[in-house]
Structure formats: C-alpha cells, structure tokens
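Step one of this worksheet: look at the structure below.
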Amino acid sequence: MLIHPTAVIESGAKLGADVRVGAFSYIDRAVEIGDGCAIGSHVTILPYTRLGKNCRVHAGAVLGDLPQDVAFANEESYVRVGDNCIIREGVTIHRGTKLGSVTEVGNDCFLMAYSHLAHNAKLGNRAIISNGALVAGYAEVEDGAFISGNCLIHQFTRVGRLAMLSGGTAIQKDVPPFCMTRSMSSNTVMGLNVVGLRRAGYSAEDRLILKRAFKRLYQSGLNVSQAVVQLDKEFSSELVQELNLFVKTSQRGICRFLRGGKSPD
C-alpha cells in the first residue's frame, strides 16, 4: 500500500492489497476498500461504504455520507460499489435511508464529475453517469445505460438497459430499454439508442426488430395496455420481450413518444 502521510485512516477501516490513498483523504471506520483501488486527494469515505477491486476515486469525492432524507433515523445503512469503477471529481454517493438498505453501484461503472447518487439508488453494470447528472432516491439505472450531462432522474424512476438520456433530460416516467430521450425535454423518448445497440454488439437485424416493436408501442395508435398485448403476439425476440416486460412492470408509466422528434433508426 502507498498511503500519503497526510491521509487519515481510522481504526476499523479495511484496505486491500496495493491500495493507494492520496493527500488529505479521510477513510473512516467500517469502510472496506478492495485490492488495487486508487483513492485520490481530498476524498472522504464514510462508514458502511465498500468498494470492490481496482476502483479509482478522484479528488473531492464523498462516498457514504448520510442520506438527504428528513425521515432518516441514523440507522445503519450502506453504500456498495462494484469492481473496476471510476468515480470522478466531486461525486457524491449517499447511504441507504432505511435500516439495512443499500445504495448500489455495479461493476465497470463510470460516474463523471459532480454527479450524485441519492439514497437507495441502484446502478447496473457498465452504467455511465455524466457530469452534473442527479439520480434521486430509489431510482434505478440498468446495465449499459448512458445518462448524459445535467440530467435529472426523479425518485423511484427506472432507466432501462442500454437506454440513453440526452443532455438536460428530466424524467419522472420510466425510460424503456434501448430508447433515447430528446435533449432538454421532460418525460419523452424520440427513438432508439442505435449507437448504444451497435456498441453492445447487436446486429442490424436485431435493431430492425426493435424498430418495428418501438413503432408498435409508440406509433400504432394503440394505448400502452393494447400495445404490450400486440408485442407479445407479434414478437418472439428476446430484446422485444425484455422491452415489453419493462413496460408491463412499470409503476410510474413510461415516457411518451415525442412526435416530430427523431424517428427510430
């Protein structure tokens, strides 16, 4: 381990092999840091926070602080960060708000500067949260989703797998998997996240099937309840079934299609 002499490591903290801690950082009791992690300068890591292996935490990040919830009763709750995550300058991740609850970050996630994860938020694997994006309490961002700069995600809202929120989007409704929102808009999608699907290795045929399903869901004149029935009848594709299950299980309703926006491609 390489610990700067000005760093403070409280008794009870557990640091794995080959951990580096920069100048003026503070690691409290009941913190676990996995092998190979690099903690920058002026980082604060508070109790009940656990980092997996090979994470990088940049200057000024605060992990495991108390939730911003007036109902919080100072009970033991947690932050759990997976392996190979990058947490940039000024990021804040707060503990769960109820006894034993968790704010969770998956593996291979990238949280850019000054983004915020509130209590009980959940990020899947390979999620990217860009600069200044705010993820409210109990919100869920699924695997491979991309949240652009200064987006606002309301509490309890879900963002589906490989969805993309364009810059400045605000959502209070769920964003279905593989869809993309329009910049500076609220609760709307404008088409499929084609670039994200290509990068994830999905073929032109896969994208074409999703395009047809998207049109059935959003542009057929059917309401959502009618559309999910049609998707079940017409499509056997696993991707479409994933999309359909997400819509069926939405508790907040899904974002509407922005007519006049970019059509699915």
Side-chain angles (χ1 to χ4, degrees), residues 82 84-86 105-112 115 122-131 133 135 139-151 153 157-171 173-185 187-220 222 224 227-228 230-250 252-265:
N84 307 310
C85 291
I86 300 172
V105 178
N107 298 322
D108 304 293
C109 290
F110 188 6
L111 281 69
M112 297 186 192
S115 56
K122 181 178 180 181
L123 300 189
N125 300 321
R126 302 176 304 282
I128 297 175
I129 312 294
S130 296
N131 301 67
V135 182
E140 183 172 347
V141 178
E142 295 185 357
D143 293 355
F146 189 105
I147 311 302
S148 297
N150 297 312
C151 287
I153 300 178
T157 304
R158 292 189 300 159
V159 178
R161 187 170 74 91
L162 291 175
M164 178 178 180
L165 269 60
S166 300
T169 296
I171 57 165
K173 301 287 188 180
D174 294 343
V175 179
F178 322 120
C179 291
M180 182 167 61
T181 69
R182 182 171 181 148
S183 294
M184 306 302 290
S185 68
N187 295 328
T188 58
V189 297
M190 67 177 189
L192 295 177
N193 180 18
V194 177
V195 173
L197 287 162
R198 285 178 184 147
R199 288 176 176 171
Y202 290 108
S203 67
E205 182 179 358
D206 291 328
R207 299 195 301 272
L208 179 60
I209 292 169
L210 276 174
K211 176 181 178 180
R212 290 170 179 163
F214 183 97
K215 287 186 173 181
R216 178 66 70 209
L217 176 62
Y218 278 116
Q219 297 176 277
S220 63
L222 300 174
V224 173
V228 295
Q230 289 302 116
L231 289 176
D232 270 336
K233 288 180 178 178
E234 295 179 26
F235 298 92
S236 59
S237 160
E238 290 185 5
L239 292 177
V240 177
Q241 291 305 312
E242 179 181 342
L243 170 66
N244 207 22
L245 180 62
F246 184 98
V247 175
K248 289 178 181 178
T249 57
S250 174
R252 302 185 63 84
I254 62 171
C255 291
R256 68 188 186 279
F257 178 63
L258 181 65
R259 298 193 180 278
K262 181 181 178 182
S263 14
D265 193 2

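Numbering starts at 1 and runs along the sequence shown. Below, all heavy atoms of this structure are taken into account, side chains as well, without hydrogens, waters or symmetry copies.
- With sequence neighbours left out, the salt bridge (charged side-chain N to carboxylate O under 4.0 Å, His left out) criterion links R126 to no other residue.
- Among all heavy-atom pairs drawn from S183 and T169, the shortest one is CA-OG1, 4.3 Å.
- Atom CD1 of I209 sits about 8.0 Å away from atom CG of L239, to the nearest 0.5 Å.
- We find the CG-CG distance between N131 and L111 to be 10.5 Å, quoted to the nearest 0.5 Å.
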Chi angles and distances behind the side-chain contact (heavy atoms from CB on, under 4.5 Å) call for R198, R207: CA-CA 8 Å; R198 285 178 184 147; R207 299 195 301 272; 3.3 Å; yes
Test log, rule side-chain contact (heavy atoms from CB on, under 4.5 Å), inputs L162 and E242: CA-CA 12 Å; L162 291 175; E242 179 181 342; over 6 Å; no
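- For the pair N244 (side chain) and Q241 (backbone), a donor-acceptor distance under 3.5 Å is absent.
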Residues V159, V135; criterion side-chain contact (heavy atoms from CB on, under 4.5 Å); working and verdict: CA-CA 11 Å; V159 178; V135 182; over 6 Å; no
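- Shortest non-hydrogen contact noted between V240 and F235 is CG1-CB, 3.5 Å.
- Between L210 and L197 the shortest side-chain heavy-atom distance falls below 4.5 Å.
- Annotation: side-chain hydrogen bond (donor to acceptor under 3.5 Å, both in side chains) contacts of S236 (sequence neighbours excluded): none.
- For E142, there are no salt bridge (charged side-chain N to carboxylate O under 4.0 Å, His left out) partners at least two apart in sequence or on another chain.
- Atom OH of Y218 is separated from atom SG of C255 by 6.0 Å, given to the nearest 0.5 angstrom.
- Among residues two or more places apart in sequence or in another chain, the side-chain hydrogen bond (donor to acceptor under 3.5 Å, both in side chains) test is passed with E140 by none.
- With rounding to the nearest 0.5 Å, the separation of NZ in K211 from CD in Q219 is 9.5 Å.
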Test side-chain contact (heavy atoms from CB on, under 4.5 Å) applied to I128 and M112, step by step: CA-CA 8 Å; I128 297 175; M112 297 186 192; 3.8 Å; yes
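- With D174 contributing its side chain and R158 its backbone, the two residues share a donor-acceptor pair below 3.5 Å.
- With hydrogens and angles disregarded, no donor-acceptor distance shorter than 3.5 Å links the side chain of T157 to the backbone of A139.
- Residues A133 and I147 approach most closely at CB-CG2, 4.0 Å, considering heavy atoms.
- Across S148 and G167, no two heavy atoms sit closer than the pair CB-N, 3.4 Å.
- L222 is linked by a side chain to side chain contact (heavy atoms under 4.5 Å, CB included) to R216, S220, Q226, A227, Q230, counting only residues two or more places apart in sequence or in another chain.
- Between atom CG of residue L123 and atom SG of residue C85 there is a gap of 8.5 Å, rounded to the nearest 0.5 Å.
- In this structure, A145 and G160 approach most closely via the heavy-atom pair CB-O, 3.8 Å.
- If you look at F178 and F214, their ring centroids are not closer than 6.0 Å.
- Qualifying side-chain hydrogen bond (donor to acceptor under 3.5 Å, both in side chains) partners for T188, counting only residues two or more places apart in sequence or in other chains: S185.
- At distances below 3.5 Å, not a single donor-acceptor pair connects side-chain atoms of N125 with backbone N or O atoms of G106.
- Between A213 and L243, the closest heavy-atom pair is CB-CD2, 4.4 Å.
- Atom CG of L165 is separated from atom OG of S130 by 10.0 Å, given to the nearest 0.5 angstrom.
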